[in-house]
Number of protein chains: 2
Amino acid sequence: MKSGELSFTEENYLKAIYSLSERSVSFDTSTNEIAERLRTKPPTVSDMLKKLTAKKLIAYEKYKRVQLTKSGRQIAIQIVRKHRLWEVFLHSTLKFSWDEVHEVAEQLEHIHSEELITRLEKFLGYPKFDPHGDPIPSAEGELEDGKRINLSEVENGTNCQVVGVMDSSTPFLQYLEQIDIAIGTRLKVVGKIEFDGSMIIQIKKKPQFTVSKKFSENVMVTA
Amino acid sequence: MKSGELSFTEENYLKAIYSLSERSVSFDTSTNEIAERLRTKPPTVSDMLKKLTAKKLIAYEKYKRVQLTKSGRQIAIQIVRKHRLWEVFLHSTLKFSWDEVHEVAEQLEHIHSEELITRLEKFLGYPKFDPHGDPIPSAEGELEDGKRINLSEVENGTNCQVVGVMDSSTPFLQYLEQIDIAIGTRLKVVGKIEFDGSMIIQIKKKPQFTVSKKFSENVMVTA
DNA sequence: AATTAAAGTTAGGCAAATCTAACTGTTTTG
DNA sequence: CAAAACAGTTAGATTTGCCTAACTTTAATT
């Protein structure tokens, strides 16, 4: 391991602390939560927290809750970025299904090479969201949270990108597949029908088609 | 690490033993050679050799030389396979140069996922050689050593794939680039000129062109 | 063949990451 | 508010991979 680089394990701790903190009001988390997330035991976490404190990656005092420092968060975000870019690669390029990508991405996210990620991102066409619809941080760590809105709220003539669904029933997913819409699909709203809220949509240069209000209300997009 | 899976370190030892053995007449290697290859010290190697012996991955007796067992070699070959497929990915897909791919592939080769390699190989179009012209073992561990011959020896009307060069001077490499020939390029010999040994070549559906005998003698291909 | 040189192995130790068992602090609650 | 429950830490052991120093075996050389 090159000097300055973190170990696989340290990176996993930062990632866990990051994601647990994000889910909390006070942007912090606890020893036990981390232990549970990483399927390890609290004493192990206690040890690591001391180590990460020494490296100034977390702000932590005995018996208190844990928060990432600015540099700790920066590193965590870079790992998330790598994880999500690899997920896009696995899904879009290698045709893994949505649910198969995570495990492998967990390994790939720890590959150390700036250049690799830069080129991978370029190859993938600078995607903004992973196959689960979660946003991909930029190289600078910016989390563009292009507010996710309902397709039904998109204005006429606007381009948007599909980032998730509200309904994950089989019929709905099959319908999506049939009309060739998936996470990441970019589409344009070319018309709306006042009468019943139907929408006319265009994908790339394919023929336009119409979807119902019920449909568009179940698709999440970002501008 | 899932049970049965080898650690990063163990995999590196097998790979080192494999490549050092291949280069020897008796298909074996020594403690010191391994230590040097892995930039570690002989006692460390001694320890690991005991461990690998216990796992029946190597045939080894104290103070004697080391050989891989059948299963050890099988595993080593799979690692080589992964390494070379990743090299192709880095070079062909992500446009890394020939000399940049190795370091990153050293990390990627240890990702554990059969499915990943299966899909990666398919995506890459089942390449037979890596960017350095070394053969890629099949999923079954077969090392197709489609004898590398001189392009000048290829018969009229035969398809072949470029696997290496004899000359690596800048002018030659620049010429290769200019006429769009790289490692992995598939081409067809469509004619030969008796007079001076020139060759008429076709790549995919591009226009045919002629190369000199001096040129074709410096290109290695496989049938 | 005896001695030196080299190759290889033990012994003992260290650091990282993990565990269990026992202890200490904090929180909840009757 | 005291006691139980929970959360968190320390202590001490284990495993893996690595090291140096000292020893042993094999090989080379005079």
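All chains are named by letter (A, B, ...) in the order of the sequence lines, taking the proteins before the strands, and each is independently numbered beginning at 1.
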Separation of A:E11 atom CD from C:dA16 atom P, in whole Å?
-> 16 Å
Return no unless some side-chain N or O of A:Y63 is found under 4.0 Å from OP1 or OP2 of C:dC23.
-> no
Nearest-nucleotide pick for B:D47, side chain only, options being D:dT20, D:dC18, D:dT10 = D:dC18
Which of parallel (below 30°), tilted (30 to 60°) and perpendicular (above 60°) describes B:Y175 and B:F215?
-> perpendicular
Can a side chain N or O of B:K41 be found less than 4.0 Å away from OP1 or OP2 on C:dG8?
-> no
Hey, what's the ring geometry for B:F123 with A:F89, parallel, tilted or perpendicular (30° and 60° as the breaks)?
-> perpendicular
Heavy atoms under 4.0 Å, any strand shown: does A:Y13 hit a base, just sugar-phosphate, or nothing?
-> sugar-phosphate
Which residues in residues 23-34 of chain A have at least one heavy atom lying under 4.0 Å from any atom of DNA chain C?
-> none
Return yes if some donor-acceptor pair links the side-chain N/O of A:W86 with the main-chain N/O of A:A105 below 3.5 Å, else return no.
-> no
Contact class for B:T44 vs. all strands (heavy atom < 4.0 Å): base, sugar-phosphate, or nothing?
-> base
Can you spot which of A:R84, A:K15, A:R81 makes a side-chain hydrogen bond (donor to acceptor under 3.5 Å, both in side chains) with A:E109?
-> A:K15
Hey, does the side chain of B:K64 come within less than 4.0 Å of D:dT25's phosphate (OP1/OP2), counting only N and O?
-> no
Think A:K62 has a side-chain N or O under 4.0 angstrom from the OP1 or OP2 of D:dT10?
-> yes
For the pair A:H91 and A:F96, evaluate ring pair (Phe, Tyr, Trp, His ring centres under 6.0 Å) and give the outcome as yes or no after the intermediate values.
-> CA-CA 5 Å; A:H91 180 64; A:F96 275 88; 9.4 Å; no
Tell me which nucleotide among D:dT24, C:dT10, C:dT18 gets nearest to the side chain of A:T40.
-> C:dT18
